[in-house]
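Note sheet for the following structure.
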Amino acid sequence: MPETAPGFAVIGKSAPMLDGKARVSGLAVYTADMTLPGMLYGKVLHSTVPHARIVRIDTSRAGALPGVHAVVVGNEFPNRYGILPIGHDEAAIAVDKVRYIGDNVAAVAADTEAIADEALRLVQVEYAPLRAWFDAEESMRAERDLIHDDRPHNIEKHYSHNFGDVDTAFARAHLVREDRFRCPAVTHAAMEPHATLAAMQIDGGITVWSSTQVPYYLQRTIANVLEMPESAVRVIKPAVGGGFGGKSEVCPLEVIAAMLSKKCGRPVRITYSREEVFFTHRGRPSQIVDLKTGVDRDGKILAVAAATIQDGGAFCGYGPVTVLYSGNLLAGIYQIENLRYDGFRVLTNKPSCGAMRGHGTVNMRFAFESQLDMIASQLGIDPVEMRRRNLLKPPCFTVNNLRVTSYGFPECIDRVVEASGWRERKGKMPRGRGLGVAGSHYVTGAANPINRSDMPHSSVTLKADRDGAFTIYSGASDIGQGCDVMQVMIVAEVLGVDPSRVRLVAADTGTTPVDLGSYSSRVTFMCGNAAKRAAEELKKEIYRVSAEAQKASGKPIPQNFDEALRLALEASGVIVAHGHYAPPEAARGGHFKGAGVGPSPSYSYSAQVAEVVVDEETGEVRIEKIWAAHDCGRALNPVAVEGQVIGSVSMGLGQALQEEMIWRNGFLMNPGLLEYRSPASCDAASPDIESFIVESIDPEGPFGAKEASEGSLAASIPAVANAIYDAVGVRIMELPLTPEKILRALKQKKKAAA
Amino acid sequence: MTLPEFTLLRPRNLPEAIDSLDRHRGDIQVIAGGTDLVPSLKQRLFAPRYLLDLKPIRDLRGIRNGHGLTIGAMTTVGAIADSPLVAEKFPVLAAAAAAIASPVLRTTGTLGGNLCLDTRCLWYNQSPFWRASCGFCLKKDGKVCHVAPGGEKCWAVFSGDTAPALLALGAEIEIASPRASRRLPLADFYTGDGMARIKLAGDEILTRVHLPESSAGLRGAYFKYRLRGSIDYPLAGVAVALDLAPDGTCRRGALAVTALNPKPQLIPGAEAALRGSRLSDDLLDRLAELTNRAIKPLSTSASTPDYRRHIARVFVRRAVRQAWQA
Amino acid sequence: MRKELVDLSINGRRHELAVEPNRTLLDVLREDLRLTGTKCGCDDSSCGACTVVVDGQPMLSCLLLAVSYQDSQIQTIESLATQGELGALQRGFVQEGGSQCGFCTPGMVMSLHTLLESTADPTEEEVRAAISGNICRCTGYMQICRAVRHAVAEIREEEIREKERLHA
C-alpha cells in the first residue's frame, strides 16, 4: 500500500482512530461507563401484551417504595414524535394503548437497579386486549382494531411508481421472469447496548449523554417532549459502541431518562439490557419481494416491475424511507429504462423497524441479483457478462432522476473476476463447490434532509489558536466508523500541517455546529466537504489577516504558512473559519411523490464473488472466500475503508446464512445474543474476506471520496445464494440460506428429476 | 440484570457441603462453574435462598489416572478438552469437551455442571417479562407446554455435550449424600422428563465421574450440529465409541445422542448391531434407523424437528465411519 | 442483603470491599472499582465483552460471583498498558484497525493476551479459535487477525533487537 495518495501528504495513508489508544486500553468512555454525583438508575416497565388499551395504571406502591425518586407514565409527557415529519406517531411511554410486547408502559428512577426492578414489580397495569396483527399480509386486510387509528388497513405508506413504458417493454421481451423472495427481519446487534444519562440542570436546562448516531434529532425530540426550548437541551455523544442504524433515530430510553431526570431533578441513567435492545429493534424489516424482470435475447434488461411488502412493526419510524430506498434505488446500478414499483409499508404489533446498514436496499438486492442469475442461466449467459451488459453509462440521470456521476462498478467487477479466477474456474469446479457474483450500491448521504430545508447538512467550524493547534468543531458522530480522524486528516491535508496539530471537538449540540448525523453513509462526503471548506477558508483567512497586518506595518507578506499563522494570531488573537455542505440542486431528484428518497450527491458500488462449498447430505454451507471490491471514490483512510467494507460483508454474510428474528405466534423467540446468531470468528459466515479498494475519484466528494460503510453489505447475500446455485443447482429464495432450506430444495430437485 | 438475593455458602470440604444441603433442603441449590446457572438466576428461573458454591472444595477437581480414569465433578471442561491423558485414553470425551460453547466458557464450566445441565427450551430460557407475556410454561410457573400444548410432559431438551460421550464410554458417576455415597451408571442418571431431568435428591452432590479401564483406548468421534462454529448449544449431538479387532471387526461399541430428547441417551440396539459387525453402508443405515426411532426432537430450538432428525441420522453415519476409520 | 468483606486481587493490587454475594465480578469491577474498561454486552455469557483473565485464564466476568474469587489473580484490560505505553497487542489493534467501535475490544484483547502467553506465534486458526467466544460486530474478525500478526511480528523483532543488544 502506498504511504499516501500521489500528491498528498496525509490523505491516502492509513491512520488509526483518533481515540484508538483509549479504545484498546479500556479508557474510552461510553455512556454506560459514566456516573454523576447523585445519579439514579432508571428502569422501564414493558408491556406483556401485544395490542391493548391501557385501562388503568397504578404506580402508587412503586412510588412509595423507599429509594424510588420518580415514577413516570405516558400521559405525563404525551407529545408525539418520530424521526420523519410525516410520522410523529410514537410516545416514549405508551399513552393510551400498547402496540407490541415490549412497548413501554412506565418507568422509575431509584437509588439502585435492584430497587428500580422491585418498583417495577409493584406497578399494576390493567389492559383491555385488542386483536393483534403479526403478519403483514394479514394486517393489510385489517378492518378493525387498527394499530393507529389514522392508518386504514394498517398501511403506513403505499408508493406506486411507473417510469417509462413498462407494459410495452415486457411485451417485447424475449424472456420475462416473475419470482417471489422473502427475507425475515434482522437486527443490528451492535455490541454496545443503548444507554442514556440525562441530567436536569439547576438552571432549567438539561444535558443528555447518549449512545446515539443522531445527537441533533435527539436534542429536537427531547425539547419537543419536555416542552423546553431546543437551546435548553444539550446532547453529547460519548464513545459509541456501534450503531449500524440502530441508534439513528430517537430510542425510548433517551426520552425516558430525560423525563425521569426532569421529574426528580437528579441525573438518571438508563442502560438497556440486551433483551430490551432486541425489543427496541429498529432493524431491517421482514420483507416480501415480488420481482418481475424482462430481458431481450442478449440479456439486456428491458423492464423491471417490483412489488414489495415490508412488515414495519408498530410505528412509522424510518418506514417510508426504507420502502422508498427499496424501490428508487433499483435504478441506480444497472440500466433500467422502464421501471414500475409498488411498495407497501405495513404496521404490525411488533417492535418498530428502522434503518439498518444498507437501509432499504439489501433485501431488494438479494432478490434482484438472484433473479439476474436465474435469467442468465436460462439464457446461457455468464453471470458476470450478464451484469456487464446492463451497466449504466454515467454521467447520467436514471429513469427516476437519480444523478449518477462517478461509477466504479465496472472496475469492481473486473477486480473480483480477476482475483477469484472466475474465468478459469467458473463451471469447472467439482460438484458441491461453486462461485457466485453479485453487485450492490448505496447512497453517499441523502440529497434531501429528513426535515426538508435548504440549510447545510453539515457545518464545521475551525479555529486556529495561540498554541499552534487547530481545533475542529464538528457535529459529526463517530460511532466506530472513524469519522473523527477523517476530519483531522482532511484539515491537516488542506492546511499542510501534521495531523497531530489538529484537535477535534465533536458531537456536542452545546458547542458544535449541526451535522445531521451518522446515517445513510453521509459523513465522509458531507462533513468531509464541510471540513475541507472550513480548512480552505481558514488558510485563506490566515494569509489575509497576516498580509493585512504586515502591509499596515510595511513589512513583507509572509510566504510560509506557520509564519503567516503566527502573524495572523498576533494581529487578531484567534482565527476562525467555517465550512458548510449542502447537496447541489441537480442531485436532489425528481418531483414525483416519493422522489425525495434515493437521490444522493454520489453513489458507491460494490462487486463481490463468493466461493462456497455445500454439503449435499446436510445442506450445510461453508463460505470459502469472499472477494469484495468497493468503489469508495477515494480512500482517504485505507485501513478504515477496508474495515468498513469487510465489516459490511461480514454483516451481510450473517444475514445470508444465520441471522433472523424468529417470531412464533407473535413472540420474539430469540431476543438475545445466544439465539440471535451474529457471526462468531469460527463460523461458516466468517470466511477469509479479501477486499479491493476501487477509486473512481468522485467529482464532488472531498478529495474525490464517497461512501464506504454500507454499500458492500447487499452484494454479499446474493453472491452467496448464487454460489450455492452454482455448487449444487438449487435456488433458495428465502433468507437465511439455512442447511434446512438447502436440503429441502435438494430433495425437491431430486424428486423432480426422478 | 441483577441476580436474586441469596446467601452464598462456601464449604471447605464435602461433608460440610452435604451438611449444608441437608440443612437447607428445598431452599438451596448447588453452583459449580455457574455458566448455565448464573444466566438462569438472572432470568429468575431459580431463586433459591442459599447457593452452595463447590469451588472451594479442591478434592472435587482434577483428573486421576488409575484403573480407568476418575474425573472430579468440578474439573473444568476446558481442562478435560486439553488433557493429553483424556485425549489418549478417551478421545470421544476430549472431542465432546472441546465442542462445548467457547473457550471463555470452557475455562469456567465444569464436567459436573455439564452433566447436570438444566434442560433447555426457547419458551423457557427467557426473562421474567418474556415468560409473563406468554403466560409462562409447564416447566416454570405455568400450566401449558407451548411446544406440545395438549400434553402433560415437558419436552425441554437436554443439551450437554459430554453426556453422550460418557454414555458411550460406559461411565459411572459417584454421588455423595448424608447417607452412604452411591455409584451408578450415568445412563441411569437421567429421567427423560424435561422438568425433573436427573435423579439427584435435594441433599445429593455429583462428585466424580469414573471411566472404566475397559473403555480406555476406544476409538471415538463426537459430531455436534449447531448453527455457529462456537458458543451455541448443540441442536443435535452424536457420540460413538468403538472397540475394533485388528481385522476391523467391531468387538464392542456404543452410540449415544444429546440435544434430541429431554435426556441424553444410548441408542437402544446399537450395541447389538455393532457387535461383530464390519463397517458397511447397511450397518450405518441400521444405526441411523435405530437412532431415528429413539429420538423425539420437538420445536424447542431454532432448528426444526424434521431437520434435527435428518442431521442425527447423517451424523450417526458420519461419526461411526470416522471412529471406525480413525 | 448482607454484604461480605472481600479482598480481591485485581491487576496486582489488593482491594478490600464490602460486596453482596449476588454481585458479579463484572458489576464489582465496573461499579465499585470504576474499572469500566470491561464491558457488558449481553450479561448472559453470549458475547464475550466482559472477558477478564482469572489465574491466567480468560473468563466471562458476568458469570462469576465476585465473593468467590478472593483467592484469584484477576487481570483486566486496564492492566495491559504500562505507564501509558500500550502493549504490542494493543498497538496491533490500533494500527491494523482491529478495533472499530471498540466495545468488544477489551474482552477480545484479554482473550488474545492469554493466547499469546501460551502460544508465541499462533496460526490464524488458533487466533480465531481463541476469540470464538468474543463476538465482534464490526470487523468480520479479519483486521483482528491482522492485529495479532502485527503484534507477533513486533514482539519477535523486539526479541531479535534484544538479542543483538546482548551480543554487542
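In the text below, chain A, chain B and the rest are named by the order of the sequence lines, each starting its count at 1.
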remark   = Expected contact set for residues 74-87 of chain B against chain C at heavy-atom separation under 4.5 Å reads none
request  = Would you mind checking if C/Arg161 and C/Glu164 are paired as a salt bridge, meaning a charged N to carboxylate O distance below 4.0 Å?
outcome  = no
query = Contact part of C/Cys40 toward chain B, heavy-atom cut-off under 4.5 Å: side chain, backbone, both or neither?
reply = neither
request  = Any chance you could lay out the side-chain hydrogen bond (donor to acceptor under 3.5 Å, both in side chains) test for B/Asp36 and B/Tyr233, step after step, and finish with the verdict?
outcome  = CA-CA 11 Å; B/Asp36 183 54; B/Tyr233 282 97; 3.2 Å; yes
Straight-line distance of C/Tyr69 OH to C/Thr24 OG1, nearest 0.5 Å = 11.5 Å
ask   = Any Lys/Arg nitrogen of B/Asp118 or B/Lys139 sitting under 4.0 Å from an Asp/Glu carboxylate oxygen of the other?
value = yes
request  = Using atom types as modelled and distance alone, determine if a side-chain donor or acceptor of C/Arg30 lies under 3.5 Å from a backbone N or O of C/Thr36.
outcome  = yes
key: Part of B/Leu37 within contact of chain C (heavy atom distance under 4.5 Å)   = neither
inquiry  = Distance check, rounded to the nearest 0.5 Å: C/Leu63 atom CG versus B/Leu105 atom CG?
reply    = 6.0 Å
message = If I measure from the heavy atoms of chain B, does C/Glu4 come under 4.5 Å with its side chain, its backbone, both, or neither?
response = side chain
message = Taking every non-hydrogen pair under 4.5 Å, which of C/Asp43, C/Asp44, C/Ile131, C/Asn134 racks up the most with chain B?
response = C/Asp43
query = Would you say the side-chain atoms of C/Gln100 and C/Thr139 include a donor-acceptor pair closer than 3.5 Å?
reply = no
message = Closer than 4.0 angstrom, basic N to acidic O: yes or no for B/Asp161 and B/Arg106?
response = no
query = Can C/Arg128 and C/Glu125 be counted as an ion pair, charged N to O under 4.0 angstrom?
reply = no
query = Can you pull out the residues in residues 39-58 of chain B with any heavy atom less than 4.5 Å from chain C?
reply = B/Pro39, B/Lys42, B/Leu51, B/Asp53, B/Lys55
remark   = Assert top hit (heavy-atom pairs under 4.5 Å, partner chain C, pool B/Pro103, B/Ser102, B/Ala101) equals B/Pro103
task = Answer yes or no: is there an ion pair linking B/Glu5 with C/Arg2, defined by an N-O contact shorter than 4.0 Å?
result = no
query = So, C/Glu159 and C/Arg156, do they make that salt bridge, N to O below 4.0 Å?
reply = no
key: Heavy-atom proximity to chain B below 4.5 Å, by part of C/Ser111   = side chain
inquiry  = Under the criterion ring pair (Phe, Tyr, Trp, His ring centres under 6.0 Å), I'd like the reasoning laid out for B/Trp155 against B/Trp123: C-alpha separation, chi angles, the key distance, then a yes or no.
reply    = CA-CA 11 Å; B/Trp155 288 94; B/Trp123 297 90; over 10 Å; no
Cationic N near anionic O, under 4.0 Å, C/Arg149 to C/Glu96 = no
task = Name the region of B/Arg228, side chain, backbone, both or neither, that has any atom closer than 4.5 Å to a heavy atom of chain C.
result = side chain
query = Can you tell me if C/Asn11 and C/Thr76 form a side-chain donor-acceptor pair at under 3.5 Å?
reply = yes
request  = Please look at C/Thr51 and chain B and tell me whether the side chain, the backbone, both or neither of the residue comes under 4.5 angstrom of a heavy atom of that chain.
outcome  = side chain
request  = Return the option, out of B/Leu8, B/Thr108, B/Thr107, with the maximum number of heavy-atom pairs under 4.5 Å with chain C.
outcome  = B/Thr107
